[in-house]
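Chain letters run A, B, ... following the sequence lines, proteins first, then strands; residues in each count from 1.
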Amino acid sequence: MNSEDIIQNLTQSDYKYGFTTNIETETFPKGINEDIIRRLSEIKGEPSFMLEWRLKAFEYWKQMEMPTWAHLKIPPIDYQEIIYYAAPKKNKAPESLDDIDPELKKTFDKLGIPLEEQKQLSGVAVDAVMDSVSIKTTFKETLANLGIIFCSMSEAIREHPDLVKKYLGSVVPYTDNFFAALNSAVFSDGSFVYIPKGVRCPMELSTYFRINAKNTGQFERTLIIADEDSYVSYLEGCTAPMRDEHQLHAAVVELIALKNAEIKYSTVQNWYPGDKNGKGGIYNFVTKRGICKEENSKISWTQVETGSAITWKYPSCILKGDNSIGEFYSVAVTNNYQQADTGTKMIHIGKNTRSRIVSKGISAGYSQNSYRGLVKIMKNADNARNFTQCDSMLLSDKCGAHTFPYIEIDNPTAIAEHEATTSRIGEDQIFYCNQRGISTEDAVGLIVNGYAREVLNQLPMEFAVEAQKLLQITLENSVG
Amino acid sequence: MLTIKNLKAQINGKPILKGINLEIKAGEVHAIMGPNGSGKSTLAAVLAGRDYVEITSGEVLFMGQNLLDLAPEERARMGIFLGFQYPVEIPGVSMVSFMRTAVNEIRKYRNLPPLNSSDFLKYMREKKELVEIDTQLTHRSVNEGFSGGEKKKNEIFQMAMLEPKLAILDETDSGLDIDALRIVANGVNKLKSPDNAYLVITHYQRLLDYIIPDVVHVLYDGRIVKSAGKELALELEEKGYDWIKREYQKI
């Protein structure tokens, strides 16, 4: 039996997060209109400025059309067939863990996200979001003692309206793009983080997103503000049940780093990718952008993308402050019929700004994997530097890897470097491992993890181990 | 330990091995010499289980088992080691994690518990000293950026780590300077025991100055046409392969 047969014969590993939870859910009727938005805002107890903002976004969205420039085949989406709000039913907001539906608690335990603080991985505070609402945020008090605010977006809108009003939409305005406008109109929850001046957040902050209810879209909104001289590392994970129909996830994430502040944002994206024939799976259309608003600030995006039927995502940095730094580290894996069009934008505005892009694409099966990146160096960005490395690895002869790098330079002192490679996973490499006693499956895992090493090294420890396993599972039965 | 009976094999329909017979016992060192294109590397590839070679007839028994039925990794776990002529690079995979995965797979096969990190590193250090390999090499990714000589030394180091029963060295001496050659040969000599055996494939006699074979075989046109003691290697060095070819063509 040759190695291809062995891989063919490996059992296709199931998506292990594909279960659903039977809990009572309160849902809105299908579709989007002004009434739905008013009702959503009312349920959330939002101040009037929020409702006005949402309605403006909705008006704007109605004039827009879905973008078609990405290298993706997206079947038509009927936005009136989506449920825009679904929440686990409850009488009041949970005061303590005892108030949370035991079924719900079980779900998060099953996902490896225990909500009991004493059981947690040391030093990770979690905000768990199911369908449209935040279930529970842990370690809140510990963090509050340092003046750190870590709570659900809904709570932030009610409790910290000044911060929200000042920063929401300041990096990604609702006019930015079709999905950002839609999100602004109907987002139902998400996470909010504020790190005060001079505080180094002592633990990883983490949000765990879960879509459970049927026909529901998830529109979360995350806003992270790092005040002067502060530091925060934030992690985001996500899963969804296996369903035959597609579900829409259109999130917006905004990061703001003030003077000397640093934000590290890591994502392990594991939404349900659809089955091996391309049926079902999440449409992941996400806008993520950070601004290094003042001097010496730094924003670093790290993403491991293995899930979703279609991914459309470009975590970006606006380097406004002088000497600010933007980084983007990405591993994007596509298998079967998955499609990904992902990359970043680095906009250099300030002087001596630096950016670094490391993108590792891995394509298997019949999938299509594109890197799309823009490096823009503006007129006043003296001595700006960019380094881009963009590698693609092919695991089958039926998949595609594409790169679309754009470089626009308006300042003669700027330097931008771009390196790109495309390789096929080698039969010789696999055989070399086999000859040392390593099975083909483990060999593919080793080789792919080696290839993605530079990106995985950027992840916090607990996540790095998880991500390595995920890469291997995603690629089982995929070399051919 | 190893018995090859009337082995015939082809690549893309072209016969390469045309009836190999060979018997190797524990404790022996066999050398296979022969001109280019005679089938030396194909023989090594068949024994290790490369799938581009198609076996058309014959059998290979290793430790009493039919080797040709087994996957490459199963053969490796049973104790077959191939020192590659052209070792591949695996970027980003550290020698430590590569070797640790391999060693623990082989231990699992031998019903031994996996080595923990500190025991593994200690084991690795011992083997490194034994084969005199530079510590810097084992801190890097598998063969990445290694020179030709470093890659070959790394093969011997891996052999030391995996403690095979039968080691097949496929032209390990090609491209080595005399110092590297000595390190490779010393490694083999130190690892040699009454329980293991070596099949050394080489083009030149000079490796056999350091690794003394019990038997030398000449492979020509897919067959072993001559087998004798170590003096055969010297004779080949002196007279070349033409007389073998002439003798063979007469038959």
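- In this structure, the portions of B/Leu82 lying under 4.5 Å from any heavy atom of chain A include both its backbone and its side chain.
- Taking a 6.0 Å sphere around OH of A/Tyr366, one finds it holds 12 or fewer heavy atoms contributed by other residues, nucleotides or ligands.
- Interatomic distance, OG of B/Ser94 versus CG of A/Asn449, reported as 11.0 Å (0.5 Å rounding).
- Relative to the ring axis of A/Phe431, B/Arg50 places its NZ or CZ within 45° and under 6.0 Å from the centre.
- Across every non-hydrogen atom of B/Ala76 and A/Gly437, the tightest pair is CB-N, 3.4 Å.
- Among A/Gln435, A/Gln429, A/Arg453, the residue making the largest number of heavy-atom pairs under 4.5 Å with chain B is A/Gln435.
- Here the side chains of B/Pro91 and A/Tyr451 are not in contact, with every heavy-atom distance at 4.5 Å or above.
- More than 12 heavy-atom neighbours from other residues, nucleotides or ligands sit within 6.0 angstrom of NZ on B/Lys190.
- Counting heavy-atom neighbours within 6.0 Å of B/Asn66 CG, excluding the residue itself, gives a total above 12.
- Contact count versus chain A (heavy atoms, under 4.5 Å) is highest, among B/Val103, B/Ile80, B/Asp69, B/Ile106, for B/Ile80.
- Taking a cutoff of 4.0 Å between a charged side-chain nitrogen and a carboxylate oxygen, A/Arg436 and B/Glu155 qualify as a salt bridge.
- Neither the backbone nor the side chain of B/Pro164 comes within contact range of chain A; no heavy atoms are under 4.5 Å apart.
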> Checking side-chain contact (heavy atoms from CB on, under 4.5 Å) for the pair B/Asp51/A/Glu427: CA distance, chi angles, key distance, verdict?
Replying inline: CA-CA 10 Å; B/Asp51 57 16; A/Glu427 281 289 308; 4.3 Å; yes

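- Within the 4.5 angstrom heavy-atom criterion, only backbone atoms of B/Glu89 (N, CA, C, O) approach chain A.
- With rounding to the nearest 0.5 Å, the separation of CD in B/Glu73 from CD1 in A/Ile438 is 10.0 Å.
- The two atoms that bring A/Gly450 and B/Val93 nearest to each other are CA-CG2, 3.7 Å, heavy atoms only.
- Ranking B/Val142, B/Ile90, B/Asn104 against chain A, the residue ahead of the rest is B/Ile90, based on heavy-atom pairs under 4.5 Å.
- In this model, no donor atom of one side chain and acceptor atom of the other lie less than 3.5 Å apart for B/Tyr86 and A/Asp428.
- Of the listed residues (B/Glu105, B/Arg77, B/Met99), the one with the most heavy-atom contacts under 4.5 Å to chain A is B/Arg77.
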